[in-house]
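First the structure, in the form of structure tokens, and then the observations on it.
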Amino acid sequence: MNAKHNETRRDFLRLSLAAGGALLLSTSLTQAQNERNDEGHNPDIPPTEDLMREHGVLRRALLVYEEGIRRMRYGQDMPMGILADTNDLLRRFIQEYHERLEERYLFTEFDNMGEYGLLVNTLRKQHEAGRQLTGRIAQLTGAAVFKMPDNRRQLIECMRLFIFMYRPHAAREDTVLFPAVRNIFSRDSFINLGEVFEDREKEALGENGFENIVIRIANIEKALGLYNLTQFTPKLS
Ligand SMILES: [Fe+2]
Ligand SMILES: [Fe+2]
């Protein structure tokens, strides 16, 4: 067999393997879709992925607050209803749902665990501070008060503090706390936790609860011209 023939055979094998991989991938995708279709949801979503995608919604809401601060500082039009709606989404979805899951099912497992114990102590205090800020923002975006200059200044400060705290808060959970969950939960209890989260999501948010939340934050972004992702790509020469 000459070298050229060997080369051709290697190419053929490479292509066959690639095609086989693609076939396997499409088979597993189809299987996943069927499972989702049968049960109305994907039963295999790990609890940590669940929490991380909820942080994605939080980050999108922080972007809305940043835009609110920018517009108010530059005297541009900023409909208070949009900030009130964002605040309401954060309260219901992040604080009354997501954070309650963290507190009830994760933080309790890390208490008295040295460094992790200290971390969850801080995270708990930040949840409480976040709820206080959300309460103040709800008052300050009220129709009767937001036009008063002092209240606008307070509103800007509350949103700034909210962003300032929640960015590192979510980042620390994503990179330290959630990865540690896999180490301290057994495989079975990790899977079980995913099912518990799925049930809680349905109870709290109804069918397609997460998907509806994503639609809601996307509509808020659209109202402020923030939805189109390409606007965030730098124009490099
Ligand atoms: Fe948290
Ligand atoms: Fe969180």
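The figures that follow rest on heavy atoms only: side chains count, while hydrogens, waters and symmetry mates do not. Numbering of ligands and ligand atoms starts at 1, following listing order.
At a threshold of 4.0 Å, the pair Glu128-Lys125 does not count as salt-bridged, since none of the basic side-chain nitrogens sits closer than that to a carboxylate oxygen. Contact check on Arg131 versus Glu103 returns a salt bridge, with a Lys/Arg side-chain nitrogen under 4.0 Å from an Asp/Glu carboxylate oxygen.
Taking distances strictly below 2.8 Å, the protein N/O/S atoms close to the Fe ion (ligand 2) are His55 NE2, His98 NE2, Glu102 OE2, Glu173 OE1.
For Asp150, the salt bridge (Lys or Arg N to Asp or Glu O under 4.0 Å) partners two or more places apart in sequence, or in a different chain, are Arg153. Under the side chain to side chain donor-acceptor pair (under 3.5 Å) criterion, Ser186 pairs with Ser189, sequence neighbours left out. Applying the ring-ring contact (aromatic ring centres under 6.0 Å, His included) criterion to Tyr166, with sequence neighbours excluded, gives Phe162, His169.
The cationic group of Arg200 does not satisfy the cation-pi geometry with Tyr97, failing either the under 6.0 Å distance to the six-membered ring centre or the 45° limit from the ring axis.
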